[in-house]
Q: 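Pasting a structure below so you can have a look.
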Amino acid sequence: KMTTDLTAAHQAEFQAVILAGGQGNRMYPLVGQTPKPLLSVAHRPLLEYQLRLLESAGFDYCIVCTTTMMFGQVSKYINEIYKPRQGKIHIHIETFMPHLGTAEVLCAIREKISRDFFVISGDVITDVYIQYLADIHRSREAAATIMLHERPEQKERDGGKGGKKKKTKL
């Protein structure tokens, strides 16, 4: 496991973790030599969308989790392109073997997480208002707050009903 610490952690209310290790197998040939978190959408890498989202929400520190295979390109992008251009957020990069899942990665960095935290998928573009999610989390004294989005193909399989499953209140 390799670690690159770009700064000491700050003590904000929430921490942020970006999971930027997806291989993008279903996106071949787009991913070829480019890691999925660095694929360009509207002239910006996917990873930049998450970093900008966190900065706009007031975060000044995050942990980016990527694979050992992607480390070189992700680190180069963060240090040589993103940070010098506009990056105000301090970034700590953790690397893992590609076969690890989300829970295993979070477990591996558990000692770096000292308070409530956001986990953001490295291949999502969203304009969600993170402060609103934080308010909901705080007001309900929640152990976990999860924002999900139903995939369009799921609706098609359910005949447009949106999956009428029993909901459990946590």
Side-chain angles (χ1 to χ4, degrees), residues 1-135 137 145-147 149:
K1 179 167 101 168
M2 300 170 82
T3 301
T4 300
D5 195 359
L6 304 177
T7 187
H10 79 297
Q11 292 298 312
E13 180 181 9
F14 290 92
Q15 287 180 269
V17 177
I18 299 174
L19 300 176
Q23 300 298 307
N25 295 332
R26 292 175 295 210
M27 299 179 86
Y28 183 82
L30 291 175
V31 290
Q33 300 299 313
T34 304
K36 184 168 73 167
L38 298 181
L39 286 178
S40 183
V41 175
H43 309 291
R44 287 193 282 174
L46 287 168
L47 180 58
E48 187 171 317
Y49 288 92
Q50 285 79 35
L51 293 170
R52 285 184 176 197
L53 177 71
L54 292 172
E55 285 181 358
S56 71
F59 285 78
D60 60 2
Y61 177 81
C62 77
I63 301 169
V64 173
C65 297
T66 192
T67 65
T68 52
M69 294 169 23
M70 294 183 198
F71 174 77
Q73 290 180 64
V74 169
S75 178
K76 182 177 180 174
Y77 167 73
I78 289 170
N79 292 314
E80 296 178 16
I81 299 170
Y82 185 76
K83 294 292 289 175
R85 193 174 59 214
Q86 79 257 339
K88 298 176 197 114
I89 193 166
H90 301 289
I91 303 163
H92 175 88
I93 304 171
E94 287 284 336
T95 59
F96 300 92
M97 297 305 295
H99 66 276
L100 295 180
T102 299
E104 293 164 310
V105 168
L106 292 175
C107 186
I109 64 169
R110 68 184 174 274
E111 293 189 12
K112 292 177 176 43
I113 298 173
S114 58
R115 56 197 167 277
D116 290 348
F117 60 98
F118 283 91
V119 177
I120 302 173
S121 178
D123 60 359
V124 171
I125 298 174
T126 182
D127 61 354
V128 67
Y129 189 62
I130 290 180
Q131 295 89 334
Y132 179 69
L133 290 174
D135 290 344
H137 182 80
T145 301
I146 302 171
M147 184 184 85
H149 183 280

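Predicted model only: the values in this text are computed from it and were never measured.
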Q: Who passes side-chain hydrogen bond (donor to acceptor under 3.5 Å, both in side chains) against Ser40, sequence neighbours left out?
A: none
Q: Minimum heavy-atom separation for Phe71 to Thr66, with atom names?
A: CA-CG2, 4.1 Å
Q: Please tell me if the side chains of Lys112 and Glu94 come closer than 4.5 Å, counting only heavy atoms from C-beta onward.
A: yes
Q: Report the C-alpha separation of Met69 and Met97 in whole Å, then their side-chain angles, then the decisive distance to 0.1 Å, and conclude whether the side-chain contact (heavy atoms from CB on, under 4.5 Å) test is met.
A: CA-CA 8 Å; Met69 294 169 23; Met97 297 305 295; over 6 Å; no
Q: How long is the gap from CD1 on Ile89 to CG on Leu51, to the nearest 0.5 Å?
A: 6.0 Å
Q: Where is the tightest heavy-atom contact between Pro37 and Ala20, given as atom of each residue plus distance?
A: CG-O, 3.1 Å
Q: Tell me the closest heavy-atom pair linking Pro45 and Tyr77, and the distance in Å.
A: CG-CE1, 3.6 Å
Q: With a 4.5 Å cut-off on side-chain heavy atoms, are Tyr61 and Leu54 touching?
A: no
Q: Using only atom types and a distance under 3.5 Å, with no angle test, would you say the side chain of Gln15 pairs donor to acceptor with the backbone of Ser114?
A: yes
Q: Apply the test side chain to side chain donor-acceptor pair (under 3.5 Å) to residues Asp116 and His137: give CA-CA distance (whole Å), side-chain angles for both, the deciding distance (0.1 Å), then the verdict.
A: CA-CA 9 Å; Asp116 290 348; His137 182 80; 3.0 Å; yes
Q: Rounded to the nearest 0.5 Å, what separation is found between the CD1 atom of Ile130 and the CE atom of Met147?
A: 8.5 Å
Q: Working note: Thr126 + Ile120, criterion side-chain contact (heavy atoms from CB on, under 4.5 Å); need CA distance, chi angles, decisive distance, verdict.
A: CA-CA 10 Å; Thr126 182; Ile120 302 173; 6.0 Å; no
Q: What do the steps show when you test Ile113 against Val17 for side-chain contact (heavy atoms from CB on, under 4.5 Å), and what is the final call?
A: CA-CA 9 Å; Ile113 298 173; Val17 177; 4.2 Å; yes
Q: Looking at every heavy atom in both Gln50 and Ser121, which two are closest together, and how far apart are they?
A: NE2-O, 3.4 Å
Q: Report the distance from atom CG of Leu19 to atom CZ of Phe96, rounding to the nearest 0.5 Å.
A: 9.5 Å
Q: Any chance you could measure Glu48, atom CD, to Ile125, atom CD1, to the nearest 0.5 Å?
A: 10.5 Å
Q: List the atom of Glu13, the atom of Arg115, and the distance in Å for their closest heavy-atom pair.
A: O-CD, 3.3 Å
Q: With distance as the sole test, does Tyr49 use its side chain to make a donor-acceptor pair with the main-chain N or O of Asp123 at under 3.5 Å?
A: no
Q: As a quick check of understanding, evaluate side-chain contact (heavy atoms from CB on, under 4.5 Å) for Val74 and Thr95, giving each step before the final call.
A: CA-CA 10 Å; Val74 169; Thr95 59; over 6 Å; no
Q: Using a 3.5 Å distance criterion without hydrogens, assess whether the side chain of Ser56 forms a donor-acceptor pair with backbone atoms of Leu53.
A: yes
Q: How close do Gln73 and Thr34 get, counting heavy atoms only, and between which atoms?
A: OE1-CA, 4.1 Å
Q: Taking only residues two or more places apart in sequence or in another chain, which ones pass ring-ring contact (aromatic ring centres under 6.0 Å, His included) with Phe118?
A: Phe14, Phe59
Q: When rounded to the nearest 0.5 angstrom, what is the spacing between OH in Tyr129 and CG in Asp135?
A: 7.5 Å
Q: Could you tell me if the side chain of Ile63 sits less than 4.5 Å from the side chain of Ile18, heavy atoms only?
A: no
Q: What distance do Leu47 atom CG and Leu38 atom CG have between them, rounded to the nearest 0.5 Å?
A: 6.5 Å
